There are 2 protein chains.
Amino acid sequence: MTIAEVQAPREPKYYTVKRHLLERIATLPAGSVVPTERELASELSTSRTTVRQALVELVAEGRLVRRQGAGTFIADPKITWPLHLTSFTEQAEANGFVASTTLLAAERVRAEGEVAARLDLAEGAGVFRIERLRLADDRPMAVETSHLSAARFPQLTRHIRRQQSLYTVLRETYGVVPVRAEELIATAPASPREATLLGTDPGSPMLVLGRHSRAASGEPVEWVTSWYRGDRVTFIADLSAPRP
Amino acid sequence: MTIAEVQAPREPKYYTVKRHLLERIATLPAGSVVPTERELASELSTSRTTVRQALVELVAEGRLVRRQGAGTFIADPKITWPLHLTSFTEQAEANGFVASTTLLAAERVRAEGEVAARLDLAEGAGVFRIERLRLADDRPMAVETSHLSAARFPQLTRHIRRQQSLYTVLRETYGVVPVRAEELIATAPASPREATLLGTDPGSPMLVLGRHSRAASGEPVEWVTSWYRGDRVTFIADLSAPRP
DNA sequence: CAGTGGTCTAGACCACAAT
DNA sequence: TTGTGGTCTAGACCACTGC
């Protein structure tokens, strides 16, 4: 087997700017100020648009943060977020954070499309939709939207308003414990709503986690979609070799 | 616990365009043509830049593909890619694809920084760096860069040129089988090189997989970084509840 | 208030595909 | 050759921060 030839790709100008900036910021500590977009444009003999294109990628990678009206700064390092079949609170604490939650919505809606399919329900069946903003050390980490069958978990919204932990409510009120889950991981641009909630920009890359969890009986328990800031989080999972 | 008020975020114009396009393309089959950027700009009374910003997000989400000189089209649906501790070839076949590989590089380099740390080696120790383009049904899926200790696996590059499967070489030649791994998952923009290899655009969002695998003895075997097209792939993993 | 990043425009030129 | 998407420019105006 020989080694393939790869034609060197033509380098866009913004990428030259990006590499220049990467070198320049490599040794700066978090919080340092970076020159303004207009300064960089003039210094590098390019337009502000081109500089911004380079900055957008560096922000997407979690190297820089921009604050409107203030400036551009070196970002804090990324957080490593373990994927375990436990609640957000337990995951956060395993990671050394203090977890908190803001309830954004708790309502009864009709299941359609993917939600119905994931929960083994007919189209139009009643489901609860619970939307929560998850924070670690008071910094927004993720927007979570859970769907659960309304028939299987009557009065759920009432309980969830009194007790933040959904897994606790499921266990203590309904005697249900999720024991396994299928987890889907993708990337997608932030909508203006998620961006606002998470303090980032619309269109910035997110890590999207879909969790489809089941009880020991095989009964589907919940279908959750969580949006994490891709510039701040790296997921970590443990794998074992398949049984022979 | 009450429900938090969320101020409605101001909607950027490009997002209005995006929502308009989403509705418009919702029912179109894969491969259908979408109006040109200039047509959309005039039709929606906006600039081509703003239209392009909306298109960029729809491409990032895997809804559209653009081909320079040809036009913009509805994309094929995303592929679900299982994360198991098996080779790319086995993963592909479990998924119903025919896997193939192009060897891009197989060289001996010095370990530095993360590579040295992950392989429990001193800075500057010899390591093999093996870079491969992975294809499923002849479509490029991922660029994989593996690092392995040169002292532990002598003559590795010689073997890898004759036998594509690294795991086979490890097992048959060195008697080593990776049994567990830590897997890191993040998102990052494509570099021009990865973009060229994978047939996408520089800056487009990628799913980046880092795999740190160990043998039963606990000895680190390899450190692999794989870049997958975020617009074409969703990862899927199975989770079990933690042992009580 | 001055200066920052955020958004949008109008237009130029290039690279590439289809004809 | 024509028309597509890809890149880049110069500049306008807005929203926000911090003095």
Side-chain angles (χ1 to χ4, degrees), chain A residues 7-18 20-21 31-60 63-75 189-192 195-196 199-204 231, chain B residues 7-18 20-21 31-60 63-75 189-192 195-196 199-204 231:
Chain A
Q7 81 276 17
R10 184 181 49 76
E11 183 175 82
K13 186 165 183 179
Y14 89 86
Y15 206 80
T16 314
V17 173
K18 180 182 172 186
H20 170 87
L21 289 172
S32 309
V33 183
V34 166
T36 70
E37 298 179 349
R38 288 163 178 89
E39 276 171 18
L40 289 169
S42 123
E43 192 179 318
L44 302 172
S45 304
T46 184
S47 71
R48 199 178 141 210
T49 312
T50 301
V51 169
R52 279 181 62 82
Q53 199 175 351
L55 292 178
V56 160
E57 287 203 6
L58 291 166
V59 168
R63 302 296 302 263
L64 298 178
V65 284
R66 293 188 288 183
R67 291 213 313 277
Q68 181 172 139
T72 305
F73 309 87
I74 308 292
S191 74
T196 303
T200 186
D201 304 320
S204 65
D231 59 343
Chain B
Q7 82 275 16
R10 185 179 50 75
E11 183 175 80
K13 187 165 183 179
Y14 89 86
Y15 206 80
T16 314
V17 173
K18 180 183 172 184
H20 170 88
L21 289 173
S32 309
V33 184
V34 165
T36 71
E37 298 179 349
R38 288 162 178 91
E39 277 171 17
L40 288 168
S42 121
E43 191 180 318
L44 302 172
S45 304
T46 184
S47 71
R48 199 179 144 212
T49 312
T50 301
V51 169
R52 279 181 63 82
Q53 199 175 351
L55 292 178
V56 161
E57 287 203 7
L58 291 166
V59 168
R63 304 295 302 259
L64 299 177
V65 284
R66 293 188 289 182
R67 292 214 311 277
Q68 181 172 136
T72 304
F73 309 87
I74 309 292
S191 74
T196 304
T200 185
D201 303 320
S204 65
D231 59 343

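First the proteins, then the strands, lettered A, B, ... as listed; each starts at 1. This is a predicted model, so every value here is computed, not measured.
- Applying the side chain to side chain contact (heavy atoms under 4.5 Å, CB included) test to B:Ser32 and every residue at least two apart in sequence or in another chain returns B:Leu28, B:Pro29, B:Ile74.
- Here A:Thr200 pairs with A:Ala195, A:Leu198, A:Ser204, A:Arg229, A:Asp231 under the side chain to side chain contact (heavy atoms under 4.5 Å, CB included) rule; sequence neighbours left out.
- Atom CG in B:Leu64 sits about 11 Å away from atom P in D:dG5, given to the nearest Å.
- In this structure, of D:dT4, D:dG5, C:dA17, it is D:dG5 that holds the atom nearest to the side chain of B:Arg66.
- One finds the OG1 atom of B:Thr50 at 10.5 Å from the CG atom of B:Leu44 (value rounded to the nearest 0.5 Å).
- When rounded to the nearest whole Å, the span between CG of B:Leu40 and C1' of D:dG3 equals 15 Å.
- For A:Gln68, whose side chain is taken as the heavy atoms from C-beta onward, the closest listed nucleotide among C:dG5, D:dG5, D:dC8 is C:dG5.
- Partner of A:Tyr14 under the side chain to side chain donor-acceptor pair (under 3.5 Å) criterion, chosen from A:Gln53, A:Glu57, A:Arg52: A:Glu57.
- Remark: DNA chain C forms stems of 3 or more consecutive Watson-Crick or G-U wobble pairs, all pair distances under 3.5 Å, at C:1-18 with D:1-18.
- Separating the CG atom of A:Leu44 from the P atom of D:dC8 is a distance of 13 Å, rounded to the nearest angstrom.
- For A:Arg66, the salt bridge (charged side-chain N to carboxylate O under 4.0 Å, His left out) criterion is met by A:Glu37, not counting sequence neighbours.
- In this structure, the CD atom of B:Glu37 is 15 Å from the C1' atom of C:dA17, given to the nearest Å.
- Taking atom CZ of A:Phe73 as the reference point, atom C1' of C:dG3 lies 12 Å away to the nearest angstrom.
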Test log, rule side-chain contact (heavy atoms from CB on, under 4.5 Å), inputs B:Leu21 and B:Leu58: CA-CA 9 Å; B:Leu21 289 173; B:Leu58 291 166; 3.8 Å; yes
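- Scanning for salt bridge (charged side-chain N to carboxylate O under 4.0 Å, His left out) contacts around B:Glu43 gives B:Arg24, with sequence neighbours left out.
- Dashed line: the shortest gap from a side-chain N or O of B:Thr36 to OP1 or OP2 of D:dG3 is not under 4.0 Å.
- Taking atom CD on A:Glu57 and atom P on D:dT7, their separation rounds to 11 Å, with Å as the unit.
- Between the base of C:dG5 and the side chain of A:Arg38 there is a donor-acceptor pair shorter than 3.5 Å.
- At least one side-chain heavy atom of A:Leu64 sits under 4.5 Å from a side-chain heavy atom of A:Val34.
- The closest side-chain heavy-atom distance from B:Thr72 to B:Val59 is not below 4.5 Å.
- Atom CZ of B:Arg67 and atom C1' of D:dG3 are 14 Å apart (whole Å).
- Of all nucleotides listed (D:dG5, D:dT7, D:dT9), D:dT9 comes nearest to the side chain of A:Lys13.
- A heavy atom closer than 4.0 Å to some atom of DNA chain C occurs in A:Arg48, A:Arg52, these being the qualifying members of residues 46-55 of chain A.
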